[in-house]
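In the text below, chain A, chain B and the rest are named by the order of the sequence lines, each starting its count at 1. Given the structure is predicted, the values throughout are model-derived calculations rather than measurements.
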Amino acid sequence: MKTHLANQGKVVDSHKRSADGAPWTLKEKLLLGMTMQQYIVQAVRNPFNWILALIFAVGLPLIAGRFFFGLNWVTHSSNDYPWGLFLGFGLFAMVPLSASGFMLGTTVEIFGRHDFRPIERLALLNGLLGYLFAVIYLLVDLGQPWRLPYPMVVSFGPAAVLFLVAWHVATYLSVQVAEVSSSFFEWIGWPAAKKFIREITVGLTVSGIILSTLHQGALGALFTYAPGKVHPLWYSASFQWLFFFVSAIPAGLCMVIAVSTIARKTMAWRCDEEFKTNLDKLTISLAKGASMGLVTYFTIKTIGIAHDNEWGYLATGWGAWYMVEMVFGVLLPIAIFAWAIRNRSASLARVGAFLTVAGIVLNRLNTALITFNWRLYQEIPHWREVIISLTIFAIYIVTYRFILYRLPILFEWKEEKVLVPETVAAAVRSNEKYQGAPEPVATYRTTD
Amino acid sequence: MSGISRRKFLTCTLVGAGATALSLKTDAFASAKLEGYPDSMGVLVDLGRCVGCRSCEAACNREQNLPAPAQSFEDQSIFDQTFHNGQKRRTDENAYTVVNRYEPEGTENPVYRKVQCNHCNEPACLTSCFVNAYTKTSEGAVIYNPNICVGCRNCMIACPFNVPAYSYSSATNPIIKKCIFCYDTRLKNGQPPACVEICPQQVMTFGHRKELIEIAHERIKTHPDRYIDHLYGEDEVGGTSWMYLAPAPFEEIGFDTTMNNEPIISNVKDFLGTVPMVLAIWPALFTGFHLLATRKHDIEHHGDDHQKHKDEEKKS
């Protein structure tokens, strides 16, 4: 892409090439304003794509094999560890990292903090993709994935926590599709649809908060079914859902910092000036939120230990492992954030954010996999299971990149601000969708 | 108020309230504990009698049409097998019941323990299932409907006894595999399960759960030297249909003695209770926040007035 721009290539950031030029066709939009040949050349030139290709070459056949030969071909078929890496990482870690959507949605839309707008869409997209891929991980893990809609239509088990998770993730996924769709409508050129989404934004955001509170918590509550199996330091009958919910807040915020850092570094051409100039300031603001979340999380985790009087376990080997998680995943980030906020150092805040993300992933893996069955034995995932998990994550990255390259997430779509009298038809008809259609006699005017 | 007079409305309301009050009277003090179905059947397993012949395993295999095992049921060397750091054999898709041998300290003879589904009064598998695939029948069996199972395996996570197994080997129709108390072929018709019937040592007694509890305590009372003074399954996780008497401490023969007497679902109720509250309170709470946070500009003027008022008050 850098080479393309160096050769005077143009970036697609509005419907038309230049002020009076011809509109981009859909194909050109998809190819980022390049010809097919140019596009392929730049894709091959990128060394990261070679790594991805290698992962796919190994991983995709394994995913296909899982569906042809069954789960026992890719996992150890453990009856003691029914949930492996697909859920331990894919579902339990991806979902908290996707809490960003509802966090930033709330900040901007509910509390009216429009200064966070440059990063809001990235947070929403991060939420949508995280959930989408959590569901994809789930589909690989389920014994009969084609029955996924059963809890919605065939047979209901409303007393089960998983029933709530299923319904909430499904509805929240639709809410997030709607929230992210406004950038898609800008890109494709359908202002009426965007306007409709704009009108229902507050409703969408509030339902996002409700659904997120409950299913982030519910993922924790799932483990309250297994009181003797999860190690007491990672288990609390009363507070498990709060642990998962509260830790999802810094997780989501730090994931936005992490992703924005990567995007700023690897696709600077795609970020507009507003995003670039505001990013450091916003990173500090997000770090403030994350550190408050982490302090709260540390406090309630400590209360949890006191509540069940589990101090004795801290002196055991599991206790040491617990301290590792707490020190490197929670306390160290808190210290780094404090320093970063005080010295207004965005790059230090980024270090703290990556650490927090790793800490939350470790916490979920600890709960679901590592300390699970602590009284029995330790399960090491099958190598095929590891590669499939990695492959799905690679698909996630590719999808993420594909969307960031195209939709107005990191940049603002340059709308034509043609202010015309209300009865004049031209304004609405400027989309390429209507090119060549006869001019209407009269039409309404869309603002915005 | 069309179609219904004021008087009629009031009468109905009062009658309704009265009925509610009366019905509340009986329910108000009902405990959360579920005693199980009154006529639930059960099995009392007297582990002191078991000699480890494994004929119950063979009978189960036949009755449930399971594939022939790799090692014959007469082969006693199977008791020496251990997995993953000394784990004993467990139930899996090809064996709904297994017998394991233990050598607790201070006992002359080894103690054998039979493992199968304990058929809980309030089963964790049932309450954790999001498609309601499990049923606790009035006869006491916990049965499972493979036609709606999605394969999430939450029941395997939830089962405190690690009983349900999954047929991972099937690519097109993997299902949960576990003991169903021979419900379809025997229990439904009032017959004992195959393993109980075949046992040469009469280790297992089939009967009404309530009566089995009495028999068990009677045995402990008459032979206090032979039994540990505890009936495992009477209270564990809310009570189970299969209960055990043991000649050695339960924790030394593979039983989990750290279990609560509350059913597993009691752990989850805290969270389940918050769900409708969040659903009901959050919409107004956050829409309220939104109004409070964003209407500021409209009332800024009013705010100024307020401040002016205060300032004037201070001055005077």
Side-chain angles (χ1 to χ4, degrees), chain A residues 67-73 75 77 79-80 82-83 106 109-113 138 141-145 147-148 150-151 154-157 159-166 202 205-207 209-210 213-214 217-218 220-229 237-238 240-241 375-379, chain B residues 83-87 90-93 124 126-134 145 148-158 160 162 164-175 256 258-260 264-268 270-272 274-275 278-279 282-283 286-287 289-290 293-294 296:
Chain A
F67 289 101
F68 282 109
F69 308 126
L71 274 168
N72 74 333
W73 190 68
T75 71
S77 324
N79 289 318
D80 294 318
W83 290 345
T106 310
E109 308 300 342
I110 303 299
F111 292 102
R113 286 293 301 270
L138 179 71
D141 184 76
L142 285 178
Q144 309 210 17
R147 288 181 180 173
L148 187 63
Y150 274 28
V154 175
S155 180
F156 308 115
V161 173
L162 201 62
F163 183 77
L164 181 140
V165 175
V202 173
T205 311
V206 172
S207 42
I209 305 169
I210 299 166
T213 313
L214 287 175
L222 276 177
F223 289 100
T224 56
Y225 281 110
K229 297 183 184 176
S238 321
Q240 193 80 3
W241 76 272
R375 294 183 297 174
L376 296 184
Y377 61 94
Q378 198 53 58
E379 159 96 351
Chain B
F83 311 84
H84 312 288
N85 302 331
Q87 297 298 309
R90 60 155 289 160
T91 53
D92 62 31
E93 58 177 301
L126 184 153
T127 48
S128 73
C129 180
F130 74 158
V131 288
N132 225 357
Y134 286 91
N145 176 2
I148 53 170
C149 174
V150 183
C152 71
R153 311 192 290 284
N154 203 152
C155 49
M156 298 164 68
I157 294 280
N162 290 320
Y166 199 60
S167 53
Y168 289 101
S169 53
S170 166
T172 49
N173 190 30
I175 53 169
D256 185 355
T258 62
M259 256 170 223
N260 248 319
I264 294 290
I265 189 72
S266 304
N267 286 292
V268 191
D270 273 1
F271 173 71
L272 290 176
T274 60
V275 173
V278 168
L279 283 174
W282 263 221
F286 283 91
T287 317
F289 281 151
H290 174 63
T294 53
K296 208 169 88 197

What are the two closest non-hydrogen atoms of A:Lys229 and B:Met156, and how far apart are they? NZ-O, 3.0 Å
Quick one: closest heavy-atom pair of B:Ile175 and A:Gln144, and the distance? CG2-NE2, 4.0 Å
Distance col, row A:Asn72:CG vs B:Glu93:CD, nearest 0.5 angstrom, shows 7.5 Å
With a 4.5 Å cut-off on heavy-atom pairs, point out which of A:Leu162, A:Leu222, A:Thr205 contacts chain B the most. A:Leu162
Best-contacting candidate, A:Val161, A:Val202, A:Asp141, A:Val165, against chain B by heavy atom pairs under 4.5 angstrom: A:Asp141
Distance alone, cut at 3.5 Å: any donor-acceptor contact between the side chains of A:Thr213 and B:Trp282? yes
Proximity breakdown for B:Leu126 and chain A, heavy-atom pairs closer than 4.5 Å: neither
How about B:Gln87 and A:Leu376: do any of their side-chain heavy atoms sit closer than 4.5 Å? yes
List the atom of A:Ile110, the atom of B:Thr294, and the distance in Å for their closest heavy-atom pair. O-CG2, 4.0 Å
Please classify the contact between B:Thr91 and chain A as side chain, backbone, both or neither, with a heavy-atom cut-off of under 4.5 Å. backbone
Can you say whether B:Ile148 sits under 4.5 Å from chain A via the side chain, the backbone, both, or neither, judging by heavy atoms? both
Interchain contact, B:Ser128 with chain A, by part (heavy-atom threshold 4.5 Å): both
What part of A:Pro227 gets closer than 4.5 Å to chain B, counting heavy atoms only: side chain, backbone, both or neither? side chain
Chain A contact via B:Ser167 - side chain, backbone, both or neither, heavy atoms under 4.5 Å: neither
Start with the C-alpha distance between A:Leu142 and B:Cys152, add both sets of side-chain angles, then the distance that settles side chain to side chain contact (heavy atoms under 4.5 Å, CB included), and finish with yes or no. CA-CA 5 Å; A:Leu142 285 178; B:Cys152 71; 3.8 Å; yes
For B:Phe271 and A:Trp241, take the angle between the two ring planes, folded into 0 to 90°, and tell me which bin it lands in: parallel under 30, tilted 30 to 60, perpendicular over 60. tilted
Results of ring-ring contact (aromatic ring centres under 6.0 Å, His included) for B:Tyr134 - residues two or more places apart only: B:Tyr144
Could you walk me through whether A:Val154 and B:Val131 satisfy the side chain to side chain contact (heavy atoms under 4.5 Å, CB included) test, starting with their C-alpha distance in whole Å, then the side-chain angles of each, then the deciding distance to 0.1 Å, before giving a yes or no? CA-CA 8 Å; A:Val154 175; B:Val131 288; over 6 Å; no
Validation row: B:Asp270, A:Gln240 side chains within 4.5 angstrom (heavy atoms): no
Greatest number of non-hydrogen atom pairs under 4.5 angstrom with chain B, of A:Gly70, A:Ala218, A:Ser155, A:Ser238, falls to A:Ser155
B:Cys129 to A:Ala160 - nearest heavy-atom pair and separation: O-CB, 3.5 Å
Residues B:Tyr166, A:Asn79; criterion side chain to side chain contact (heavy atoms under 4.5 Å, CB included); working and verdict: CA-CA 7 Å; B:Tyr166 199 60; A:Asn79 289 318; 4.2 Å; yes
Note: B:Pro283 and A:Val206 closest approach over all heavy atoms is CA-CG1, 3.8 Å
Most contacts with chain A, counted as non-hydrogen pairs under 4.5 angstrom, among B:Asn173, B:Val278, B:Ile157: B:Ile157
Please determine, among A:Glu379, A:Arg375, A:Gln378, A:Arg113, the option with the most heavy-atom pairs under 4.5 Å with chain B. A:Arg375
Got A:Tyr225 and B:Asn267 here, is their nearest side-chain heavy-atom distance under 4.5 Å? no
Where do B:Asn154 and A:Trp83 land on the side chain to side chain contact (heavy atoms under 4.5 Å, CB included) test, with the steps shown first? CA-CA 8 Å; B:Asn154 203 152; A:Trp83 290 345; 3.8 Å; yes
Out of A:Pro145, A:Pro82, A:Gly112, which one racks up the most heavy-atom pairs below 4.5 Å with chain B? A:Pro82
Nearest non-hydrogen partners of A:Ala159 and B:Leu272, listed with the distance: O-CD1, 3.4 Å
Quick one, B:Pro174 and A:Leu71 - any side-chain contact, counting heavy atoms below 4.5 Å? no
